[in-house]
Number of protein chains: 2
Amino acid sequence: MKKQLIKHEQCHMRDKCLKYDICPMLQVQKIVAGKWKILILWYLSYSPLRFSDIKSKLPDVTQKMLTQQLRSLEEDNMIYRKVYPVVPPKVEYGLTDLGKKLIPILEMMHGFGAEYLVQELDKESSVD
Amino acid sequence: MKKQLIKHEQCHMRDKCLKYDICPMLQVQKIVAGKWKILILWYLSYSPLRFSDIKSKLPDVTQKMLTQQLRSLEEDNMIYRKVYPVVPPKVEYGLTDLGKKLIPILEMMHGFGAEYLVQELDKESSVD
DNA sequence: CACATTAGTTCCCTTTTGGGTACTATAATA
DNA sequence: TATTATAGTACCCAAAAGGGAACTAATGTG
């Protein structure tokens with residue numbers, strides 16, 4: 001399965017975009033887009049998890065969607081999928097070496113989110 | 001317009017999630033989800049831009065989608081919108097103080113994307 | 001008067017995402 | 001022998017997100 005190339009010449013850091021005429025930011029967007037991917041990566045950054053563990057941490061995701069998102073992350077080589085040949089089935093998901101490089105970014109995002117909640121939700125509750 | 005609260009108790013760093021019973025990661029996901037938001041924030045991190053400037057940097061986005069995404073980022077207080085009362089219209093978009101706190105994250109994402117392209121695209125071209 | 005310009009909006013259509021239910025395999029358990 | 005458990009898949013339908021093209025407002029220019 002051939003990956004789609006993403007050309008992008010307007011990147012304001014294109015001189016740092018190495019030898020590819022592709023904006024790295026667009027690549028990141030492709031990887032991380034999707035309603036559950038950031039959350040999945042975040043949970044896996046702590047430790048590998050079974051399918052059912054991830055599902056229980058994401059109460060609103062359906063089995064079908066979770067499978068889809070996991071497959072997509074696997075295709076992008078962000079996570080691995082390890083099947084244990086047991087009954088009932090056991091499948092473990094975890095970050096690849098490449099995926100682990102996202103951890104500091106995820107941690108900063110978490111920090112930002114926390115700060116955001118403080119600023120924005122406090123602002124709202126004081127207005128109400 | 002009341003923002004939607006996002007409850008989430010399974011966050012593996014919930015003890016650091018301050019006083020809100022809301023996973024910050026989910027909040028971040030809400031803010032940066034959307035096909036163009038990360039790119040828009042990235043471009044604005046360099047300098048404020050006019051609507052038409054952003055559009056020209058995102059050749060594949062339609063006017064409607066760009067407007068939508070900008071409105072959404074504005075609602076989340078990540079960017080500001082400044083209308084100049086001139087003809088033809090001039091509207092400037094830029095990061096808010098809160099939005100500027102995303103810059104280091106965006107820069108790391110860019111770095112990750114660049115690294116990803118090197119590893120994954122080189123791997124592919126050597127297989128082909 | 002016609003045209004260009006900018007930042008939109010509106011309408012309609014397609015694609016993606018999501019939701020529900022049913023179905024599968026296999027071994028252990030009751 | 002029927003049930004349970006896990007990690008899915010298949011199918012069908014509804015909702016949301018996204019895309020394309022046409023339209024608008026207001027003024028300056030030819």
Side-chain angles (χ1 to χ4, degrees), chain A residues 1 3-4 6-8 10 26 29-41 43-44 47-76 79-94, chain B residues 1 3-4 6-8 10 26 28-41 43-44 47-76 78-94:
Chain A
M1 194 184 312
K3 280 203 185 61
Q4 188 191 356
I6 303 157
K7 296 217 170 194
H8 216 262
Q10 336 295 126
L26 207 42
Q29 200 277 332
K30 286 258 174 194
I31 294 172
V32 154
K35 196 162 177 182
W36 309 101
K37 290 190 188 170
I38 297 180
L39 277 299
I40 293 170
L41 292 167
Y43 293 137
L44 295 182
S47 74
L49 292 172
R50 297 181 62 173
F51 184 87
S52 53
D53 294 330
I54 304 174
K55 187 154 161 32
S56 72
K57 283 174 177 294
L58 296 169
D60 296 334
V61 78
T62 60
Q63 222 159 355
K64 190 184 65 172
M65 282 310 301
L66 183 53
T67 303
Q68 269 181 27
Q69 306 268 299
L70 288 167
R71 292 286 184 284
S72 170
L73 287 169
E74 195 190 354
E75 252 184 49
D76 288 335
I79 65 174
Y80 67 84
R81 176 170 181 272
K82 187 175 173 190
V83 180
Y84 293 84
V86 295
V87 168
K90 173 175 173 178
V91 180
E92 182 191 280
Y93 293 93
Chain B
M1 195 185 310
K3 281 202 186 61
Q4 188 191 354
I6 303 156
K7 296 219 171 194
H8 216 264
Q10 335 298 125
L26 206 43
V28 171
Q29 199 276 334
K30 286 260 172 190
I31 293 172
V32 303
K35 199 162 176 182
W36 308 103
K37 289 191 189 170
I38 296 180
L39 276 300
I40 293 170
L41 292 167
Y43 293 137
L44 294 182
S47 72
L49 292 172
R50 296 182 62 173
F51 184 87
S52 54
D53 295 330
I54 303 175
K55 188 157 159 33
S56 71
K57 283 172 177 296
L58 296 169
D60 296 334
V61 77
T62 59
Q63 227 157 354
K64 189 187 68 170
M65 281 311 299
L66 184 52
T67 304
Q68 267 181 27
Q69 306 268 298
L70 288 167
R71 292 285 185 283
S72 169
L73 287 169
E74 195 192 354
E75 252 184 48
D76 288 335
M78 305 306 296
I79 64 174
Y80 66 83
R81 178 171 179 270
K82 186 176 173 189
V83 181
Y84 294 83
V86 296
V87 169
K90 174 177 174 178
V91 180
E92 183 190 280
Y93 293 92

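Lettering of chains follows the sequences in order, A, B, ..., and the numbering in each one begins at 1.
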Tell me, do B:Val32 and A:Val32 make a side-chain contact under 4.5 Å, heavy atoms counted?
no

Atom NZ of B:Lys55 to atom P of D:dG19: distance rounded to whole Å?
11 Å

Nearest heavy-atom neighbours spanning A:Lys55 and A:Val61:
NZ-O, 3.5 Å

N or O in side chain of A:Ser52 less than 4.0 angstrom from D:dA7 OP1/OP2
yes

Below 4.0 angstrom from OP1 or OP2 of D:dG8, is there any side-chain N or O of A:Arg81?
yes

Pick the closest DNA chain C nucleotide for A:Gln63 and for B:Glu92 by heavy atoms, then say which residue is nearer the 5' end.
B:Glu92

Roughly, in whole Å, what's the span from CG in B:Leu66 to P in C:dG8?
9 Å

Protein-nucleic acid N or O pairs under 3.5 Å, nucleotides 16-20 of chain C:
{"residue": "C:dG18", "atom": "N7", "partner": "A:Lys64", "partner atom": "NZ", "Å": "3.4"}
{"residue": "C:dG19", "atom": "O6", "partner": "A:Lys64", "partner atom": "NZ", "Å": "2.3"}

Between D:dT6 (C1') and A:Leu70 (CG): distance, integer Å:
14 Å

Give B:Tyr93 one of three labels, base, sugar-phosphate or nothing, depending on what nucleic acid heavy atoms sit under 4.0 Å from its own.
sugar-phosphate

Pairwise side-chain contact, B:Asp53 with B:Arg50, heavy-atom cut-off 4.5 Å (strictly under)
yes

Determine, step by step, whether B:Tyr84 and B:Glu92 satisfy the side chain to side chain donor-acceptor pair (under 3.5 Å) criterion, reporting the C-alpha distance in whole Å, the side-chain angles of both residues, the deciding distance to 0.1 Å, and the verdict.
CA-CA 8 Å; B:Tyr84 294 83; B:Glu92 183 190 280; 3.2 Å; yes

Is there side-chain contact between B:Asp60 and B:Trp36, with heavy atoms separated by less than 4.5 Å?
yes

Minimum-distance pair of heavy atoms, taken over all atoms of A:Arg81 and A:Tyr93:
NE-OH, 3.2 Å

Do any side-chain nitrogens or oxygens of B:Arg50 fall under 4.0 Å of OP1 or OP2 in C:dT6?
no

In B/S/- notation (B base, S sugar-phosphate only, - none; protein heavy atoms under 4.0 Å), nucleotides 24-30 of chain D written 5' to 3' is --BB---

Return the angle between end axes of the helix from C:dC1-D:dG30 to C:dA30-D:dT1, with five pairs used per end and rounding to 10°.
20°

Any chance you could lay out the side-chain contact (heavy atoms from CB on, under 4.5 Å) test for A:Ile31 and A:Lys37, step after step, and finish with the verdict?
CA-CA 8 Å; A:Ile31 294 172; A:Lys37 290 190 188 170; 6.0 Å; no

With the side chain counted from C-beta on, respond yes when A:Ile79 and A:Leu41 share a heavy-atom pair under 4.5 Å apart, and no when they do not.
yes

Checking all strands, does A:Lys90 fall into the base, sugar-phosphate, or nothing category for heavy-atom contacts under 4.0 angstrom?
sugar-phosphate

